[in-house]
Structures are given as C-alpha cells and as structure tokens.
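For the numbers below, each heavy atom of this structure counts, side chains included, while hydrogens, waters and symmetry mates do not. We name chains A, B, ... by the order of the sequence lines, and we start the count at 1 in each one.
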Amino acid sequence: MNLAPAHPSLRIYNTLSKRKEPFATVQAGKVGIYLCGPTVYDKAHIGHMVGPVIFDCIKRYLTYCGYKVNWVVNITDVDDKLIKKANERGISMLDVAKENVADYNSNLTALGVDQIDHFPRATDCMPEIIGFIECLVERGVAYESEGDVYFDVGKDSDYGKLSNRSIESLQGEGGSTGERKKHPADFALWKSAKPGEPSWESPWGNGRPGWHIECSAMSKKLLGDTFDIHGGGLDLVFPHHENEIAQSECCHNAPMVLYWAHNGLLRAGAAAAKIGGRTEKPGEPAAATGDAVSGKMSRSKGAGGLATLIEKQGGERIRFFLLRTHYRSTVLFNEPAIEEAGIGLESFYRLFKRYTRATGKDFYALKSPTSREASDGLVASATSDPALQSAARCRENFISAMDDDFNTGGAIGELFELLTITNKFVDDHNLEGDGKTNTAAVATFTALLTTLKELANILGIFLHAPASAGGTDDLLTKLMPLVIDLRANARKTKNFAVADKIRDGLAPIGIVLEDRAGGTEWSTNSTSGESGSSDPDASARTGALMQLLIQLRADARAAKDFATGDTIRNRLTEIGITLEDRAGGTEWTNT
RNA sequence: GGCCACGUGGCGGAGUGGUGACGCAGCGGACUGCAAAUCCGCGAACCCCGGUUCAAUUCCGGGCGUGGCCUCCA
C-alpha cells in the first residue's frame, strides 16, 4: 500500500519484522495508535502501567515531531473473569468493571498519563463487534457451531506470522469447547450465553464476544482498517495479537497495523536492597507489594497494590523509574530501585528551587518550545555561550535517542548532563548571591532550564511541582521557622555547639537543613510524593521535633539563658502550643 | 521440545568495528564554622569458546546462563 514518506530519522522496532524500521505513516502527518488496555476484572498492578507510560511518551514525542496523534486505549469489560468476579461478589458485571476502571484511571492520572484520546469499552461497541464477526462468517473464515462462532485458522494462510509459529504446533485452548471446533487452534469470536450470564442478541442467538474480537472491532471503528502503531505487553503477542491480526486482515484484506510495538514485562525482583552494592542497608523492610517471589508480575500471582505503591512513592518516581529502561527490556521491579530513581529526581527538584531563589520565578511556569522544528530554529540562532552550546548538544543527543526506537533511558542520561551543566553555570556565576543582578547570566540560566523543560515535557515529567516538597504538615511548617531562627541566633553568637545540636537533632527526625546565601532551607526526606496523600510520618515527626525544642529550652535554662528559653515558649504560644513544666518533664499541647 | 528476547563496572542502565554515556553507591578535592547542597577529579565492566577483520564488547557461528511466550495475563 502507499504510505506517506518516512520520517527522516525516526525508527521504530516492529515485532512483525523483528527489526527497527523507518517510520512511515498511513496518512501524512497523522498517527493512529491502539494500545491494549486492561481487562477490568480486578485492580491494576504496576505492570499495567508500563504500556500507558511509554505510549504516553511516544505520543508526546510524535506530537513534538509534528504528527497529529490519535491514541486509543481499550477497556475490555466483558469476559469470563468479570462474570466470575461478579457472581462471587453478588454484583453486576458492569459494577465490577466500573470499580476497576475507576482504579485504572486514577493510576493513570497519578503517573501523569494524560494523552489518551479514546477509551472505548467492549460493551459500548456490540454492533461493531457483531458486524465484524458477520463479515468473517460471510468471507468463509469463521463458522457457527452450536451458537458459538469460531475463527477458522486453517483458512488463514498467514496465521502465526506475528508470533512466528505454525498451526500444527498449536495445542489450542482445549477444554469443553474442543469438540465444537474444527481445529484445536480455532478461537471463539462469539460465545453463546449460559443461563444467568450477561448477553447480547446476535444472528447466532444470545451471547457475548470472545476475547480478541473487541480489539479488531474497536480499532477499526476508531482508527480504520489499517493504522500505524499497535502496542501492548510482550505477553499479548500470542494469542491475543496473533488472533487480532488474523481477524482484521481476513476481514479487510489489508494490513491491520504498520508497526507492532510490544513493551517488555516487569519482573518482581527479590527485595534485594542492592542499591549501593555491598553495603546492605540494615533494617530495610521487605518489598511492600505482595510476596517477593521472582517471576513475571501478574494478577494471577497476586501482584497488586499499585494504589498503595503510588501513595507511598509518588507517581512521578514510578514514571521516572519505568522510563529509565528501554521499553522493550524486562524491568526488575522492587521498591529500593524506585527509591533510587527518586534520588535522581530530587536533584532536579533542587535545581528548580535554585532557580526560584535566584530569579523569584517558577520553573514549572516556564514556556518551552513544543515542536522539534521550532526548537531546531532556535538552536540554529543560538549564541556562542558555551553552556548553551553544551545544552544544545544535550538536546540533539536526547532527540537522537528518542529517534532510535524511543530510547528513553538514553534520553534521561542527557537530562542529567543538562542538570550538571546548569548547576555549574549557576555556581560559576554565583546566581544565588551577587550574580543575581547579572541579567545576561540570569537569562542564560532561564534558557538552560527552558531546554530542560522542553525535553522533560517529552517524557512527561516535571510538569507540576511535587506536592511534598517542603512538607505538607501544617504544624511542622509553623515550627520550622522557629527552629531555624534559634539556630541562626546560635550561629550568630558563634555558639556552634547549640547550632550543631539543632541540626544533628533534626537528622533522625528526617529533616535536612541547607544553609543558603539567602537563608536556611529545610526539607523532609518523606517518601510521599503525591498531593492528597498525607505524610504518614508527619505526626511522629512533629512529636520528635517538639521533644527537640523542649530539650533545647531545658538546655538554655540550665545555662541560665532565660531569654532563649522564654523565646521558645513565647513563639510556641504564638503557634498555638502550650508548654507545661511538670515534675517529670515538660509536656506540650496543641490548642 | 518449538519460538522470541537478553547476558556491560559494587548495583541500575545507554551505546559503539578502534579514545568504553548517565545515575546510584564508594574514594579524594573545592566550597562551608561544621554540614547539606553544588562543582571538580578518581577507581571500576562488555558470560565463555571459535571465526571474519589491521582492529570486536560491538559482526557471524557454537556453548553456557537468565527471562518471556507456546493456557489466562500489560
């Protein structure tokens, strides 16, 4: 068939050809993408997010490259397992689906997946599904048998081309439907209804669709007979996608998909806290997600708890963690690895704070180029500033990596280069100190971060400020200025013993101080990164901080420094905290 | 058994026919009252055996190992 001219540099790996191929679309400037979404019989686990996250980036990148992208993710909401679940719980299949669709959507939102254009559901596409099956029956590649309809694999000479297997080698699903089929490898397009099952009217009697047909029908409906990219997990290659391609190509007599893009699977790595090699962190808790058995993650093995994981780690960490690896690789999943990804992210967050300190402006509000062409033009006119030149090189390398089958891991490496370049520039020009007035340098700082923003946008990271930065607990936020003032006072009077006691006392509570040109900054090492989720450590933290303050006041009083002692109590009173000195020690209450 | 991936430093993870990203961890230095952060620097790897080549971690063949699919699975 006639395709639009290929993109000059973008290449995509195609499962069908087992090669990277130049990217040529059906229609010039347009891309249709279909990603197999979940069967919503249960909550999602982290493995379900790999496809959505990488395709979210793929769409962002293709859009950046100038394509108009239409991305479809289906929801399969009719299936044996949904029916089983509904019966177990005494609710309707629709209710089971509703619950798990809500879970799925909230997971997507948390991971920043917001590029999906259509969310078709199988139960909303019954006429299209039935019409599709009729087409296959008319063409003689499907047959009715006792109210079921089966695809006749023997009629499709191409059957097996995607997963590279022969009909003879296939066992088929066996089971009770075996004798209704001509060949064991024939698969159901339509299943006759058993009593009490949800069903739809059809030319073959009441029933419901088989597993694979909904994707053929929905992709046809929303993307056409031939579309550009079909995605899904590697485990879907056979039988799901093999059957899809058979159905669609027999119905249309045309290629279904130009590029089959399959993401690698997640493995549950043993909880081995091998971050940092030999030194094991003592007391590291075991992985919180299910049993730490090795092997592919799947719901049938009890994988789950994604919502909990997101609440604990934050969506951006998980997204960044997934993007560090090329999408076709197997990823070993464990929480320490996500935390390592988080450490990398923190360096970027700190740079964004530097920007605010130096300029008073907000990184997240920066406007960056949204198209490759526009940005290419800007770079061509770039100045001779070496930092900007280095940044331009990073951008080129980043784009080359993305051009090479969406190599997000390589792209992220360039982001870290850009991080160092920018920090160095800020250091060299003292932009948090005297350099603040150097408008040319400040403009360069902004330009560097604008490039960082441009690239981060492609990966869908650094879109919004992480909620937890600076702490979410009100009382903590009120107490810290007092603590910092006390320490500043001690430092001013060269009373470093007290100053160090304050900082050393904060460390075990999980609060870190940084002395900056403009004052002391504080942050918590909380692992909670998402808005809406309260920090589980907050109250313990506040309690420990109060004990520290009480101790400082006791020390001051013991040293006859009653001024400091009174300052502590008075400032606490302003915050709403009352101290009571009792025989057994000082107690505090928050009114 | 068949089909498909993969095997890179202490760990994670890019890439390449010839000077081996990047991150984490470690070490040294600058900065700091001390730190933190930041910057600079250092050490450290291409599973094994053949072949092609002036030259292979990179290409080809074989072996070993790991993972996935062949039943539901993102």
P gap between B:C34 and B:A45, integer Å: 36 Å
Shortest side-chain distance from A:Lys424, nucleotide among B:C22, B:C40, B:G15: B:C40
Identity of whatever pairs with B:G10 - Watson-Crick or G-U, under 3.5 angstrom: B:C24
Euclidean distance for C1', B:G33 against B:U16 (whole angstrom): 49 Å
N/O (side chain, A:Thr420) to phosphate O (OP1/OP2, B:C39) under 4.0 Å: yes
Sugar-phosphate, base or nothing in reach of A:Arg328, heavy atoms under 4.0 Å: nothing
Sugar-phosphate, base or nothing in reach of A:Arg357, heavy atoms under 4.0 Å: nothing
Neighbour count >12 (heavy atoms, 6.0 Å) for atom NZ, A:Lys84: no
Nucleotide of B:C72, B:G67, B:A74 approaching A:His45 most closely (side-chain heavy atoms): B:A74
Sugar-phosphate, base or nothing in reach of A:Leu513, heavy atoms under 4.0 Å: base
Identified pairing partner of B:C39, criterion: Watson-Crick or G-U wobble below 3.5 Å: B:G29
Polar side chain donor-acceptor pair, A:Asp80 to A:Tyr41, under 3.5 angstrom: no
Sugar-phosphate, base or nothing in reach of A:Gly47, heavy atoms under 4.0 Å: base
Donor-acceptor pair under 3.5 Å, A:Asp500 side chain vs B:G33 base: yes
Short side-chain N/O contact to B:A74 OP1/OP2 from A:Asn263, under 4.0 Å: no
NZ/A:Lys18: more than 12 non-hydrogen atoms of other groups inside 6.0 Å: yes
Donor-acceptor contact below 3.5 Å, side chain A:Arg121 vs main chain A:Val78: no
Phosphate OP1/OP2 of B:C39: any A:Asn423 side-chain N/O under 4.0 Å: yes
Base B:C34 to side chain A:Asp515, donor-acceptor N/O within 3.5 Å cut-off: yes
Base B:A35 paired with A:Arg503 side chain (donor-acceptor, <3.5 Å): yes
Phosphate contact (B:U66 OP1 or OP2) by A:Arg267 side-chain N/O below 4.0 Å: no
A:Arg487, nearest nucleotide to its side chain (from B:C72, B:C4, B:G33): B:G33
Sugar-phosphate only, base, or nothing, as touched by A:Lys494 at under 4.0 Å among non-hydrogen atoms: nothing
Modelled atom types, side-chain donor and acceptor of A:Glu244 and A:Tyr34, under 3.5 Å: no
A:Ala499, nearest nucleotide to its side chain (from B:C70, B:G33, B:C72): B:G33
Closest to the A:Thr325 side chain, choosing from B:C24, B:C22, B:A14: B:A14
Strand partner of B:U71, provided both Watson-Crick or wobble distances fall under 3.5 Å: none
First of A:Leu419 and A:Arg165 reached from the 5' end of RNA chain B, by closest nucleotide: A:Leu419
Pair partner, B:U52 [Watson-Crick or wobble, under 3.5 Å]: none
Pair A:Tyr259 and A:Tyr13, ring centroids less than 6.0 Å apart: no
Integer-rounded Å distance: B:A74 C1' and A:Tyr34 OH: 13 Å
Phosphate OP1/OP2 of B:C69: any A:Lys296 side-chain N/O under 4.0 Å: yes
Pair assignment for B:A45, Watson-Crick or G-U wobble, requiring both distances under 3.5 Å: none
Assigned partner base of B:U19, Watson-Crick or wobble definition, under 3.5 Å: none
Same-atom distance (P) from B:U58 to B:G17, integer angstrom: 11 Å
Rounded distance in Å between the P positions of B:C47 and B:G13: 15 Å
Minimum-distance nucleotide to A:Met297 side chain [options: B:A74, B:C72, B:G23]: B:A74
Sugar-phosphate, base or nothing in reach of A:Ser163, heavy atoms under 4.0 Å: sugar-phosphate
Candidate nucleotides B:A74, B:A36, B:C72, ranked by approach to the side chain of A:Val512 - the nearest: B:A36
Pair A:Asn423-A:Arg350, side-chain donor/acceptor within less than 3.5 Å: no
Residue-phosphate contact under 4.0 Å: A:Arg350 side-chain N/O, B:U38 OP1/OP2: yes
5' priority, RNA chain B, between A:Arg324 and A:Phe496 [closest heavy atom]: A:Arg324
Sugar-phosphate only, base, or nothing, as touched by A:His326 at under 4.0 Å among non-hydrogen atoms: sugar-phosphate
Sugar-phosphate only, base, or nothing, as touched by A:Glu521 at under 4.0 Å among non-hydrogen atoms: nothing
Atom P, compared across B:A44 and B:C4: separation rounded to whole Å: 40 Å
Gap in Å between the two C1' atoms, one belonging to B:C27 and one to B:G15, rounded: 27 Å
Any A:Asn407 side-chain N or O less than 4.0 Å from OP1/OP2 of B:G15: yes
Distance in angstrom units between A:Leu455 CG and B:C22 P, rounded: 17 Å
Distance test, side-chain N/O of A:Ser329 to OP1/OP2 of B:A14, below 4.0 Å: yes
Sugar-phosphate only, base, or nothing, as touched by A:Leu415 at under 4.0 Å among non-hydrogen atoms: nothing
Check ion pair A:Lys85-A:Asp79 (N to O, under 4.0 angstrom): no
Rounded distance in Å - CG (A:Leu234) to C1' (B:C4): 8 Å
Rounded distance (Å) that lies between atom C1' of B:C70 and atom CZ of A:Phe187: 16 Å
Nucleotide forming a Watson-Crick or wobble pair with B:U66, both distances under 3.5 Å: B:A5
Output field: ring centroids A:Phe445/A:Tyr355 closer than 6.0 Å: yes
